[in-house]
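Heads up: the structure comes next, in C-alpha cells.
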Amino acid sequence: MLITHDTRCALDTVVDLVNTAPEDDTTPDGLPDVPALQVFVREHQVSEVGVLTEADLAAVRRIRSRFAAVFAAPDPRVAAGLINELIAAAGTTPRLTDHDGYDWHVHYFAPGASVADHLAADCGMALAFFVVAGEQERLRRCEAPDCRYAFVDLSRNRSRRYCDSRTCGNRLHVAAYRARRKEAAG
Ligand SMILES: [Zn+2]
Ligand SMILES: [Zn+2]
C-alpha cells in the first residue's frame, strides 16, 4: 500500500500519542499537563494549532484512549466502527493544501478545529486507509509481555511483533536464549 509522507507523519503522531498513556495507575502520564501537550504538538508539527488549554488536554486524552482501542481492535469491523466515531465527532473536512512548501496533500481536520479534533480527523483518516487497504492487522501492540506499546507494522510481510526490535525484541531474544541454555545445562 502507498503511504504518503503526510500519512506517515500522522501514523507517527498517533502511535506516539497512544504510547503517552499510562499503562496503569502506578505509571506516569506522558501528557501530564498543558506544557507537555505543547511540546507534543510542536515535535509532531501539528499545524494550525492555537493557544492550548486544560480543556484541550482533557480532550486529547479522551481521543487518545479511543485511538488505543483502535490498536487493540480484534478485526477490521471493530476498528472501522471506532474510526468512524472518531472522524465523525471531529467534523472531518477534507481539503487540498500545499502549505509550507509541501506538495499537494489532503488535510482532514476542519478549519479552526481544536487540537483534539485535528488529531482525531487526520490520524483517524490515516488509520482508515489501513482498513480500506485490508491492512488493519498492521495496527498492533507490542507482544513483549511487559510492554504493550502501540506500533504500525510497515514490514513487507507483516512480521513485526515488537514495538522496537532493538529493545523489546532483543530483550526477549536474550531471555529465551538464557532459558534454553539453562535447560540444556540442567
Ligand atoms: Zn499538511
Ligand atoms: Zn515493546
Side-chain angles (χ1 to χ4, degrees), residues 2-24 26-31 37-38 40-50 52 60 63-65 67-74 86-87 90-130 137-155 157-179:
L2 174 73
I3 295 175
T4 62
H5 170 75
D6 236 52
T7 304
R8 187 69 190 256
C9 289
L11 292 175
D12 288 344
T13 302
V14 69
V15 164
D16 288 349
L17 176 65
V18 168
N19 290 338
T20 63
E23 279 181 48
D24 52 47
T26 62
T27 50
D29 194 308
L31 287 178
L37 179 58
Q38 262 152 3
F40 183 89
V41 162
R42 195 169 53 238
E43 283 182 348
H44 292 85
Q45 300 182 325
V46 184
S47 56
E48 296 179 41
V49 172
L52 298 172
V60 167
I63 62 146
R64 178 176 69 182
S65 60
F67 276 123
V70 175
F71 280 85
L86 269 162
I87 57 183
T92 303
T93 309
R95 70 205 137 96
L96 284 156
T97 172
D98 62 349
H99 68 96
D100 295 322
Y102 290 108
D103 283 340
W104 286 106
H105 59 284
V106 180
H107 278 178
Y108 295 96
F109 63 96
S114 70
V115 63
D117 284 348
H118 180 139
L119 293 171
D122 279 53
C123 297
M125 287 303 299
L127 299 184
F129 293 130
F130 279 79
E137 63 175 299
R138 289 184 185 274
L139 311 176
R140 304 225 174 115
R141 287 197 165 256
C142 181
E143 287 181 23
D146 52 349
C147 177
R148 308 303 291 151
Y149 260 25
F151 71 95
V152 178
D153 178 6
L154 296 177
S155 68
N157 53 1
R158 311 179 196 182
S159 59
R160 206 173 132 194
R161 297 170 57 202
Y162 308 110
C163 65
D164 179 345
S165 52
R166 263 172 314 192
T167 52
C168 282
N170 214 13
R171 203 156 41 83
L172 285 188
H173 276 303
V174 170
Y177 175 73
R178 288 215 182 107

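Keep in mind that what you see is a predicted model, and the values were worked out from it rather than measured. Each ligand, and each atom within it, is numbered from 1 in the order the structure gives. Hydrogens, waters and symmetry mates are skipped; everything else that's a heavy atom, side chains included, is used.
The Zn ion (ligand 2) forms the vertex of an angle spanning SG of C142 and SG of C147; to the nearest 10 degrees it equals 110°. Note: angle at the Zn ion (ligand 1), from NE2 of H99 to NE2 of H105, is 100° (rounded to 10 degrees).
Note: H107 and H99 have tilted aromatic rings, judged against thresholds of 30 and 60 degrees for the angle between ring planes.
Around atom OH of Y149, no more than 12 heavy atoms belonging to other residues, nucleotides or ligands sit under 6.0 Å away. No more than 12 heavy atoms of other residues, nucleotides or ligands sit less than 6.0 Å from atom CG of D103.
Using a 4.0 Å cut-off between charged side-chain N and carboxylate O, E137 and R158 make a salt bridge.
With respect to the Zn ion (ligand 1), H107 has NE2 as its nearest N, O or S atom.
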